[in-house]
Every structure is written in C-alpha cells, then in structure tokens.
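Written out below as structure tokens is the structure these notes cover.
Lettering follows sequence order; numbering is per chain, from 1.
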Number of protein chains: 2
Amino acid sequence: MIARRDPEATRKAILDAAEEVFLDRGVADATTSEIARMAGVTKSLIHHHFGSKDALWREVKLRRFREYGDAQRTMLEESEGPPGEQLLRDSMEMYFRFLQANPEMVRLLAWMYLEDDSDCGDLDRDLTELGVDRIRQSQTEGRFRDDIDPHHILLAFLALTQHWFHFRDPFLEDTGLVGPRSELDEQFLDTLLKIFFEGILPRGNA
Amino acid sequence: MIARRDPEATRKAILDAAEEVFLDRGVADATTSEIARMAGVTKSLIHHHFGSKDALWREVKLRRFREYGDAQRTMLEESEGPPGEQLLRDSMEMYFRFLQANPEMVRLLAWMYLEDDSDCGDLDRDLTELGVDRIRQSQTEGRFRDDIDPHHILLAFLALTQHWFHFRDPFLEDTGLVGPRSELDEQFLDTLLKIFFEGILPRGNA
DNA sequence: TCCTTAACTGGCCGGCCGGTCAATTATGCC
DNA sequence: GGCATAATTGACCGGCCGGCCAGTTAAGGA
C-alpha cells in the first residue's frame, strides 16, 4: 500500500526524474516542469523540497557521488592484503564493471567537468588518495616500475576505462566493429589490461 | 583599414564569439544576444548569416573539426616512411601538442559527446581509418604486438591524451601536485609514452 | 548613374521558464 | 479530538530568449 503522503518517496521520485533529465539533456536545457511531470508531482513541490533548480542538481550529484565513492571504497577495502599486480588487475576490472553497470556516472562526470564543478571535490579527493597509496605501495615493493608518478598511473587507469564508456558507441560506428555490446566490452577490457600492464611493444625487446 | 561592410569578417566575428560562448557554457545556456554583443553585431545579423542558433552551433563545430582533421591528416602524412615505434611515438607527441595548443577541441568533443552529435561523423571516420591503418601496418611488421585490435590501440592512444587535458586541472587540485602547468604537461607526456609503449610492469619479468 | 542585391538595424512578439504565493489537505503529536 | 506542521496544489508573474519583420544603407555590376 502506498501512503497517500510520503515525503521521502516524493523526494526520491523527484531526484530520480531529475537525474534522468539532467544527465540526458544538461542542466541548462532541462526544465523543472518536465522533471515534475516525469516524477508525477507539481512543479511547486520541487521548490518546496529542494528550493531551486540548482539545488536540485546539486542533490542529484551528491547522491550519485556518494554511491560512487562507497562502491570504490568498498572495492579497495574488500581487497585487502598486499597490493600486487593481481590486485590492481582486479581493481581495474572492478572499476570497469562498475562503469559498465552505471553508465550514468560517466555522463555525470562529463557534465561536471564541463561546468567545472567543485561540489563533490572532497569526496573525490579522498578516493584519489586511497588509490594512489595502493599504487605507491606496489611501487616500493618492486611490483610496479617506480619511475612513474603514482598519480599519473591512477589517471591513466581512469582514462582508459572512462574513455571506453564515453566514446564506445560513436567509436563503434566509426570503426564498423560489430557484435553484442557486452562482448565488445570484454574485448576492450582485455586490451585495456594488456596495454596498461604490458604496453604495446612486443615483450622481450625492451 | 576596416571596410565599413565586410560580410566575411562579420561571419568570422560571429563564429569566434559563438565558439567562445558555446564552448564555455554550452548551447542551451548560451544566448544569441550575448554572442551578438561579444561579436559587436546585432542579434538579427546572426540570423541573417546563419539562420538559427542551432545552425550557428553546427557551423562552429564544422569549422573546428575541419581544422582538427587537417592538422591530424598533415601530421600523419608528413611523417611518411615505414611506421614504427618512433613514428607512433612522434604521432602521439604531436597529438598531445595539438590538444595542448587547442584546449577548445577537448571541450568541443565533450559537448558533442553529451548531445550525441553526429554532425562531424564523416570527418571523424576518415581520420580513424588513417590511424588504424598505420597501427595495423606496424603490427604486421612485428613492431607492435599483434594480439590487440588496432582500433583499441587507437582508442587507448586518444584516451590517455584527451583525458589528461580533460581532467588535468581538477586532478591537480585533488592530488596537490604543483608546478607550472607546462612542466606538468611534460611530465605527464613522459608517463603517457612509458605506459602506452611499455606498460606499468617492470621490464624483464613478463 | 541607377538599380538590384544583400548587409545591417531596432523594435517587437509569442512563448516558456524558474520561481512565488495563497489556499487546501493530510499527518502526527499531545 | 484538536492543533501545529508540513506536504501538496494550481494559478499566476516578471523576465528573457529565439526569432521575425519592416525599413535603411552600403556595395557593385551593367
């Protein structure tokens, strides 16, 4: 039974609708009327619960980002033990899987970049630290080459994964590669790990 | 001396202003009045020369994309001879330099992705083909490992470079890395080449 | 020189958007 | 059962935006 008045559910409905519209068309192009219609509420109710369009956008971002941060943190902490090649391979695959399952996150990051957003800066900073520490540890243990700044390794890691989900579709159109998308994802994941860990030169002639 | 009427110059002024405003705030958030003001013309003149706001945005994209395509093509054709590691290293560096000198291109690509644009699909397709052919040739000559789809190599190449310019600034803030930006660019270029060609594992234990 | 063409202007309009407000109705606490 | 509180509604507003139009002025070929 649905309560006739359920503010918590209403907030959620609004946030869900807002996320969909905002991520699809951008904040500027989205209208509160449309969000209200999609959420099945009145426009005024949005202002009642969130104050303004911008504040609503902010809430949408924070919600997703918290979820994202939690997933990442769980990922890193779940996989305890000495970080080595296998662990980082697993982390990379887990990150890949996460974006695969949450394509909205990719669009969210893109929008935030374009409006150079800093609302979620703190959340992001912590995450970065965690990842960098892991990599640095691997370096001191001699498992990774230590002539590269660990921050750069992390950035490359994120770049390869995010970029795939960013440009996968137009890229596939351009190249004429065909097949079920999930299979193409697997193929790229394989490539990604090969390049990231081993590079594109044949082994044995370095 | 400026001619009192110079339609060509006017078109350019409008395009320049439009590019700045569009790339800065996005199409939806940009207003024709602002573009007109910045270009020093009347709003009506924009419609006279370009028809509509969307058509203007389209022209902006095409102009930049043609320039981008020309630069890329020149890059690839200028460096004739058998493609090998050094050539691809050079190509990669040239691409890095290009984005370094044209940060607008990075934002343009981001906007186009978010509104899943297809206006410049043809231009992009040709470019992709050229790059892929080069890589494939290197593979058949045994200079690159051939167990990776050349399309994926190209994507990784673009990912690492574009991502740096995408997220350089927020990334630097998060990590607390400091120094003149040009120097940080050099450092990352170094990293990028190392990772892309050799991977992050220490050599000799593959 | 004249006349067609096109560059250019200022004023205007319909429409929609974000936001407000006063009124109504359900909720939960005492 | 009342009563404060908050959820919810629909009507409404000022403002701005993209686009249009009627008119003016320069350019350039015949």
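Atom P of nucleotide C:dG15 and atom CD of A:Glu34 are separated by 20 Å, given to the nearest angstrom. Atom pair B:Lys53:NZ and D:dC16:P shows a separation of 15 Å (rounding to whole Å applied). In this structure, CG of B:Asp6 is placed 13 Å from C1' of D:dA26, rounded to the nearest angstrom. Rounded to whole angstrom, the span from the CG atom of B:Asp29 across to the P atom of C:dG18 amounts to 11 Å. For the pair B:Ile46 CD1 and D:dC17 P, the interatomic distance rounds to 12 Å; values are reported in whole Å. Rounded to whole Å, the distance from CG on B:Asp54 to P on D:dG19 is 7 Å. A:Arg37 places its CZ atom 19 Å from the P atom of D:dT8, with the value rounded to the nearest Å. Summarising the geometry, the separation between NE2 on B:His49 and P on C:dA6 is reported as 12 Å, rounded to the nearest angstrom.
At C:dG18, one or more side-chain N or O atoms of A:Thr32 fall inside 4.0 Å of OP1 or OP2 (strictly under the cut-off). Between D:dT8 and A:Thr10, a contact under 4.0 Å exists linking OP1 or OP2 to a side-chain N or O. Taking side-chain N and O atoms only, A:His47 has no distance below 4.0 Å to OP1 or OP2 of D:dT8.
No more than 12 heavy atoms of other residues, nucleotides or ligands shown are found within 6.0 angstrom of CZ on B:Arg181.
Remark: the backbone N or O of A:Ile148 is paired with a side-chain donor or acceptor of A:Gln139 at under 3.5 angstrom. Under the 3.5 Å distance criterion, the side-chain polar atoms of B:Trp111 are matched with a main-chain donor or acceptor of B:Leu23.
Checked by distance alone, A:Arg5 brings a side-chain donor or acceptor within 3.5 Å of a matching partner on the base of C:dT25.
The cationic group of A:Arg107 lies under 6.0 Å from the six-membered ring centre of B:Tyr113 and within 45° of the ring axis, placing it in a cation-pi geometry.
With rounding to the nearest 0.5 angstrom, the CZ atom of A:Phe188 is 13.0 Å from the NE2 atom of B:His151.
A:Ala30 comes within contact range of the sugar-phosphate backbone alone, with a heavy-atom separation under 4.0 Å but no base atom that close.
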Protein N or O to nucleotides 9-12 of chain D N or O, pairs below 3.5 Å:
{"residue": "D:dT9", "atom": "OP2", "partner": "A:Thr42", "partner atom": "N", "Å": "3.3"}
{"residue": "D:dT9", "atom": "OP2", "partner": "A:Thr42", "partner atom": "OG1", "Å": "2.5"}
{"residue": "D:dT9", "atom": "O5'", "partner": "A:Thr42", "partner atom": "OG1", "Å": "3.1"}
{"residue": "D:dG10", "atom": "N7", "partner": "A:Ser44", "partner atom": "OG", "Å": "3.4"}
{"residue": "D:dG10", "atom": "O6", "partner": "A:Ser44", "partner atom": "OG", "Å": "2.4"}

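Side-chain contact check for B:Gln137 and B:Arg134: no donor-acceptor pair (N or O, by modelled atom type) lies under 3.5 Å. A side-chain donor from one of A:Tyr95 and A:Gln162 sits under 3.5 Å from a side-chain acceptor of the other.
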